[in-house]
Student: 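Pasting a structure here, questions to come.
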Amino acid sequence: MAEEFQRENGIDLRKDRQALQRLTEAAEKAKIELSSMMETHISLPFITADATGPKHLDKNLSRAKFDQLTHDLVDRCVGPVKQALSDAKLTENDIDEIILVGGATRMPSIQALVRRLMKGKEPNQSVNPDEVVAVGAAIQAGVLAGEVKDVVLLDVTPLSLGLETLGGVMTKIVERNTTVPVRRTEVFSTADDNQTAVDIHVLQGERELARDNRTLGHFRLEGIRPAPRGAPQIEVTFDIDANGILTVTAKDRDTGKEQKITISGSTQLSKEEVERMVRDAQVHAEEDRRHREEVEARNNADAMAHQVEKQLRELGDRAPTNEKARAEQMINQVRELVRTQSTDIAQLKQLTGDLQQILYGLTSAAASQNQQTGQPGQEEQRGPDDVVDADFKKAG
């Protein structure tokens with residue numbers, strides 16, 4: 001309206017505070033009327049004046065024109081609706097009823113969008129959209145206070161929670177939109193031989209790398225019994241209570257040493273912060289996937305090099321000379337690529353595969369020699385099935 005008035009009269013009403021206030025009120029009134037009418041009349045006499053005298057604003061606004069002006073805002077609703085369905089692991093066919101929230105949902109274009117997204121389902125308009133959130137909050141308060149018994153409303157975590165593991169990646173333990181209260185436990189291990197302490201870096205967010213997420217806290221678990229890398233079993237538990245208070249506990253299964261941290265308000269982010277973090281994760285999804293793949297390729301190659309090196313030490317002079325020389329050359333290549341933070345994923349994966357074949361050969365050779373000498377074979381050390389394939393960085 002201001003732009004058209006400026007084109008016709010050469011005066012920008014937005015620079016006049018009093019005129020802008022009248023214009024805003026008239027625009028809101030027109031928007032409301034167009035929810036039930038196909039056209040509305042906007043009349044603002046004496047809106048401003050110039051040397052030629054007073055100026056009046058008088059025009060008609062159709063619903064079609066209004067829809068054209070607001071289509072970008074309406075289109076912005078599509079993303080959150082699809083994201084909500086995806087997070088809930090539901091399809092449009094699984095939805096029984098759609099409740100409209102907020103006064104803007106009275107707009108026919110919003111209601112038409114709902115029908116289109118939900119395959120023709122009519123939105124429920126029996127509740128005042130201005131009061132829906134307040135009604136929901138009141139019911140939830142009644143549930144928490146024990147006054148409401150026949151309704152169950154579930155709070156969820158707005159963002160994923162996890163911790164930093166080897167290579168600076170974020171390993172998620174509690175996924176976004178998990179119902180609270182919740183308790184999740186994963187088992188991790190050490191990244192270096194004889195490591196006696198690990199740093200626990202608690203994170204919140206949806207990005208793949210730790211540096212891109214929100215830090216909730218740090219603590220250190222000490223007193224781990226010195227052992228080869230991958231042998232210690234460190235049990236990490238994330239516990240969120242009904243009030244959204246997060247307690248993270250790390251415990252060494254072998255020594256019983258335990259350390260914990262309690263974080264209040266981990267779920268009390270503003271709506272804008274949550275939306276920004278989710279949006280950032282979506283925008284950088286491909287970049288993050290590539291970075292994580294690079295880190296995992298380096299970690300896998302380094303772990304395989306360590307296993308082959310260990311097998312060579314155990315075999316000693318019994319290792320086939322040609323295989324030993326080839327393996328040592330590949331181990332040196334891997335160590336160099338890992339040290340320089342190489343992004344040549346194809347080469348790392350190739351070396352990992354080749355080292356794995358060498359490891360199979362060395363293991364078979366050891367078993368064959370043990371059978372010939374009548375000695376029992378040494379079983380490959382493996383952790384339990386629930387140990388997560390991710391290690392902690394060495395505590396600095």
Side-chain angles (χ1 to χ4, degrees), residues 69-90 95 98-105 107 109-110 113-114 117 129-130 132-134 136-137 140 153-165 167-182 184 200-218 238-248 261-295:
L69 292 170
T70 58
H71 77 91
D72 59 321
L73 301 175
V74 174
D75 289 345
R76 276 169 52 185
C77 297
V78 175
V81 171
K82 290 186 175 179
Q83 185 66 50
L85 287 171
S86 174
D87 291 342
K89 297 179 174 59
L90 298 172
I95 303 299
I98 307 104
I99 300 173
L100 302 180
V101 179
T105 59
M107 290 167 55
S109 55
I110 291 286
L113 178 71
V114 169
L117 292 176
D130 295 316
V132 169
V133 174
Q140 177 73 327
L153 292 178
L154 303 175
D155 279 337
V156 297
T157 55
L159 294 165
S160 298
L161 299 166
L163 41 82
E164 180 178 0
T165 52
V169 301
M170 174 178 173
T171 299
K172 296 176 182 176
I173 294 181
V174 179
E175 293 283 346
R176 177 174 180 252
N177 283 323
T178 298
T179 303
V180 294
V182 62
R184 293 278 169 82
I200 311 293
H201 181 193
V202 184
L203 299 162
Q204 180 181 44
E206 301 305 316
R207 302 288 296 275
E208 295 292 343
L209 299 183
R211 70 187 183 208
D212 298 320
N213 291 295
R214 179 185 180 218
T215 295
L216 294 181
H218 289 268
F238 276 54
D239 194 338
I240 309 175
D241 65 16
N243 296 315
I245 297 175
L246 168 65
T247 301
V248 181
I261 186 173
T262 299
I263 302 163
S264 299
S266 63
T267 61
Q268 303 304 311
L269 288 172
S270 70
K271 177 184 174 184
E272 288 73 20
E273 285 180 294
V274 172
E275 289 178 348
R276 179 187 60 78
M277 294 176 79
V278 172
R279 189 165 56 249
D280 284 349
Q282 292 170 343
V283 169
H284 298 284
E286 181 58 29
E287 174 191 345
D288 289 350
R289 184 199 61 76
R290 189 174 65 254
H291 284 318
R292 188 180 185 99
E293 186 180 5
E294 291 171 4
V295 172

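Here the structure is a predicted model, which means the values were calculated and not measured.
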Student: Only one of E208, M170, E293 passes side chain to side chain contact (heavy atoms under 4.5 Å, CB included) with D288; say which it is.
Tutor: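 That would be E208; it is the only one of E208, M170, E293 passing the side chain to side chain contact (heavy atoms under 4.5 Å, CB included) with D288.
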Student: Which residue, V202, V182, T178, T157, forms the side chain to side chain contact (heavy atoms under 4.5 Å, CB included) with F238?
Tutor: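 The side chain to side chain contact (heavy atoms under 4.5 Å, CB included) with F238 is passed solely by V202 among V202, V182, T178, T157.
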Student: How far apart are the closest heavy atoms of T105 and I110, and which atoms are they?
Tutor: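 Residues T105 and I110, closest heavy atoms: CA-CG2, 3.9 Å.
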Student: Kindly compute the distance separating CZ (R176) from CD (Q83), expressed to the nearest 0.5 Å.
Tutor: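 Atom-to-atom, R176:CZ and Q83:CD are 5.0 Å apart.
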Student: Answer yes or no: is there an ion pair linking R211 with E164, defined by an N-O contact shorter than 4.0 Å?
Tutor: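 No, R211 and E164 are not salt-bridged.
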Student: Identify the heavy atoms of A210 and L203 that sit nearest to each other, and give their distance.
Tutor: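 Taking A210 first and L203 second, the nearest heavy atoms are CB-CD1, 3.5 Å.
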Student: Under 4.5 Å between any side-chain heavy atoms of K172 and E206, yes or no?
Tutor: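 Result yes, sub-4.5 Å side-chain heavy-atom pair found.
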Student: Once rounded to the nearest 0.5 Å, what's the spacing between atom CZ of R279 and atom NE2 of H284?
Tutor: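 Spacing of CZ (R279) from NE2 (H284) equals 10.5 Å.
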Student: As an exercise, state the distance from CG of L163 to CD of Q204, rounded to the nearest 0.5 Å.
Tutor: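 Rounded to the nearest 0.5 Å, the CG-CD separation comes to 13.5 Å.
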Student: Would you say R207's side chain and A281's backbone share a donor-acceptor pair under 3.5 angstrom?
Tutor: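 Answer holds: no.
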Student: Rounded to the nearest 0.5 Å, how far does CE of M107 lie from CG of L73?
Tutor: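 One gets 7.5 Å once the value is rounded to the nearest 0.5 Å.
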Student: Could you walk me through whether V169 and L209 pass the side chain to side chain contact (heavy atoms under 4.5 Å, CB included) check?
Tutor: CA-CA 4 Å; V169 301; L209 299 183; 4.1 Å; yes
Student: Does L161 form a side chain to side chain contact (heavy atoms under 4.5 Å, CB included) with I240? I'd like the steps, not just the answer.
Tutor: CA-CA 10 Å; L161 299 166; I240 309 175; 3.3 Å; yes
Student: To the nearest 0.5 angstrom, please state how far the CD1 atom of I261 sits from the OG1 atom of T247.
Tutor: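 The distance works out to 9.5 Å.
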Student: Using a strict threshold of under 4.0 Å (side-chain N to carboxylate O), is an ion pair present between R276 and D280?
Tutor: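 R276 and D280: salt-bridged.
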Student: So do the side chains of I95 and L85 get within less than 4.5 Å of each other, counting heavy atoms only?
Tutor: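 Yes. Closest side-chain heavy atoms under 4.5 Å.
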Student: Within the side chain of D241, is there an N or O that forms a donor-acceptor pair under 3.5 Å with the backbone of N243?
Tutor: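 Checking the backbone N and O of N243 against the side chain of D241, a donor-acceptor pair under 3.5 Å is found.
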Student: Less than 4.5 Å apart, any side-chain heavy atom of E273 and any of R214?
Tutor: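 Not in contact.
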Student: Rounded at 0.5 Å granularity, tell me how far CG in N177 sits from CG in L159.
Tutor: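 Spacing of CG (N177) from CG (L159) equals 9.0 Å.
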